[in-house]
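Here the structure is laid out as structure tokens; the discussion comes afterwards.
Only a predicted model underlies this, so the values are computations on that prediction, with no experimental measurement involved.
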Amino acid sequence: MIERIGQWLKLIPTTIQPYDPEKDDVKGKNGDSIATHPVVKDGDLEFLFYQLLEGVANGWQESRIEQFFEKLEPRISLETWLDWLQRYRNQLIKSSHGHSQLAVRMIRLGELTATLPFMRGVGDLAYEIGKELLNQTKNNNFVNSFNSHPQENIDKTEEKTSTNEATESLTAKINSPTSLGELLSLLQKDENFASEIAHQLNLNTVDPSVIIAKIVEQTESDSLPIFSGSISEELVEYLFNLGLEKASAGDFEEALISWNQAITLNPDFAPAWHNKGSALAYLNRLPEAVQSFEQAIALNVNDLDSWYDRGSALFSMGQWQEAIISWERVIGIQPNHYQAWYHRGLALEKLKKLGDALNSYGKCLSINPLFTPAQKRQEKLNFLLSSNSEN
């Protein structure tokens with residue numbers, strides 16, 4: 001059974017290229033090698049930090065984060081990171097722009113580094129900054145919403161007797177804000193507005209997430225016109241991040257609801273398919289998880305995380321040969337993925353191919369010599385094969 005949600009944050013600016021920890025030459029934002037600079041510029045640190053956050057967004061776990069920092073030492077010490085983060089914090093707090101996605105990624109980085117004693121200082125500071133940014137974003141959304149919408153736009157309107165009129169009124173209310181963020185702000189901050197929308201949707205709650213879910217449902221059934229492109233994209237993003245919040249709180253059933261709603265609006269949104277699969281695997285609904293991972297792979301044949309997690313789910317189902325195929329696809333995409341080599345070895349052991357399994361563990365350890373699970377399996381197999389040869 002998969003023990004972790006593998007990929008939580010996928011809404012990443014396409015202009016940021018992923019950091020490759022296997023490359024020795026670390027480049028700054030201008031393409032300069034950082035190794036040649038005794039003093040690292042703030043711009044380069046910001047560029048690298050965004051690459052780190054993108055890695056976290058793509059499912060990096062603790063070991064991969066350690067690799068990131070180790071690769072940069074001693075050129076960039078942890079003290080350098082902490083000093084820069086404090087300066088960057090002031091820059092972000094002074095900015096008038098929203099940083100909600102950045103904030104969520106920083107919070108996730110803090111969670112992942114909680115078990116890494118040498119990196120925890122950076123993670124704790126990133127977590128603290130992320131929380132500040134989220135609070136700032138919420139406050140700004142409320143102020144902008146209040147200033148941009150006169151009271152008459154959110155006062156409760158006269159009840160409509162005609163179904164068509166009610167639908168038109170609801171559509172106007174939903175589409176009157178210039179962005180989904182403003183709509184959500186109105187729902188969260190103005191009970192009259194939320195009550196009116198809930199009433200027209202025949203809901204007995206003013207919970208913004210329930211209202212949004214009902215809007216998605218009626219959009220799917222054509223009871224309401226399809227949202228404009230920008231609103232639809234923001235709604236998908238909102239539902240995706242809502243799923244992340246639910247999953248972070250351990251409520252995977254509710255997370256599934258949010259990700260299913262995001263998929264309803266955008267069936268080609270691969271991150272939601274992947275996260276759905278991870279949550280299903282966590283709930284031990286493994287065949288469904290495999291289907292979700294395969295849907296993500298159908299949208300992106302080089303989706304390393306979905307191939308890897310598909311292998312984990314198949315292994316848990318006892319389908320060892322199929323699991324090997326998945327992990328070999330991971331290795332094909334990223335040859336130095338030592339965990340895929342390790343898990344491939346486990347599956348080969350299940351198939352009684354002990355020599356092949358031993359080779360797979362050896363490959364894993366050639367990439368990461370300190371990976372204890374592979375060391376133990378290698379020692380056990382060497383002992384077993386040695387004993388068999390003596391007999």
Side-chain angles (χ1 to χ4, degrees), residues 4 6-10 12-13 15-88 102 105-127 129-130 302 304-305 308 330-343 362-375:
R4 302 183 69 93
Q7 181 176 336
W8 279 2
L9 307 173
K10 266 291 196 177
I12 305 162
T15 55
I16 300 177
Q17 296 301 315
Y19 171 73
D20 184 355
E22 304 305 329
K23 293 182 179 179
D24 291 328
D25 190 24
V26 181
K27 303 293 185 180
K29 66 176 182 178
N30 296 321
D32 300 326
S33 174
I34 288 181
T36 64
H37 295 281
V39 177
V40 184
K41 299 176 183 178
D42 281 2
D44 287 329
L45 289 168
E46 180 179 352
F47 179 79
L48 290 170
F49 188 68
Y50 270 83
Q51 291 182 321
L52 168 62
L53 294 182
E54 181 174 1
V56 171
N58 278 283
W60 285 12
Q61 299 302 319
E62 290 88 341
S63 60
R64 191 76 178 276
I65 293 171
E66 280 188 302
Q67 289 178 24
F68 175 89
F69 285 106
E70 289 170 358
K71 200 72 176 178
L72 296 173
E73 289 184 335
R75 291 167 287 177
I76 305 177
S77 67
L78 294 179
E79 289 74 16
T80 300
W81 281 115
L82 289 170
D83 289 342
W84 171 77
L85 266 177
Q86 287 289 7
R87 295 193 298 274
Y88 192 51
L102 173 64
R105 295 180 195 135
M106 294 178 80
I107 289 171
R108 181 62 180 149
L109 175 63
E111 293 171 346
L112 287 170
T113 55
T115 58
L116 303 176
F118 295 105
M119 286 75 188
R120 183 166 181 174
V122 173
D124 286 349
L125 181 55
Y127 186 94
I129 295 171
N302 291 321
L304 181 147
D305 295 309
Y308 182 83
V330 172
I331 293 166
I333 298 168
Q334 185 177 312
N336 288 332
H337 197 297
Y338 66 90
Q339 290 171 316
W341 282 108
Y342 169 70
H343 284 96
K363 183 63 177 178
C364 169
L365 291 171
S366 71
I367 300 167
N368 184 357
L370 301 179
F371 190 59
T372 304
Q375 292 174 350

Classify the ring geometry of Trp81 against Phe68: parallel below 30°, tilted from 30° to 60°, perpendicular beyond 60°. tilted

Point-to-point distance, once rounded to the nearest 0.5 Å, from CZ of Arg120 to OG1 of Thr113: 8.0 Å

Show your working on side chain to side chain contact (heavy atoms under 4.5 Å, CB included) between Trp60 and Gln67 and close with a plain yes or no. CA-CA 10 Å; Trp60 285 12; Gln67 289 178 24; over 6 Å; no

Measure the shortest side-chain to side-chain distance between Leu102 and Leu53 over non-hydrogen atoms and say whether it is less than 4.5 angstrom. yes

Say you draw a straight line from CD1 of Ile367 to OH of Tyr338; how long is it, rounded to the nearest 0.5 Å? 9.5 Å

Between Glu111 and Ile107, is there a side-chain heavy-atom distance shorter than 4.5 Å? yes

Pairwise distance CD1(Ile333) to CG(Asp305) - rounded to 0.5 angstrom: 9.5 Å

What pair of heavy atoms forms the shortest contact from Leu45 to Thr80, and how long is it? CD1-CG2, 4.1 Å

Taking atom OG of Ser63 and atom CZ of Phe371, what is their separation to the nearest 0.5 Å? 7.5 Å

Using atom types as modelled and distance alone, determine if a side-chain donor or acceptor of Trp341 lies under 3.5 Å from a backbone N or O of Pro335. yes

Contact check, side chains of Met106 and Phe49, non-hydrogen atoms, under 4.5 Å: yes

Close side-chain approach of Arg87 to Asp83, heavy-atom, < 4.5 Å: yes

Nearest 0.5 angstrom please: Leu85 CG to Asp124 CG, how far? 11.5 Å

Would the distance check show the side chain of Gln61 and the main-chain N or O of Gly59 forming a donor-acceptor pair, the cut-off being under 3.5 Å? yes

Can you check whether Phe69 reaches Val122 side chain to side chain, under 4.5 Å on heavy atoms? yes

How long is the span from the CD1 atom in Ile129 to the OH atom in Tyr88, to the nearest 0.5 Å? 9.5 Å

Distance-only, no hydrogens or angles: does the Gln375 side chain make a donor-acceptor pair with backbone N or O of Pro369 under 3.5 Å? yes

Hey, can you tell me if His343 and Tyr308 have their rings parallel, tilted or perpendicular (30° and 60° cut-offs)? perpendicular

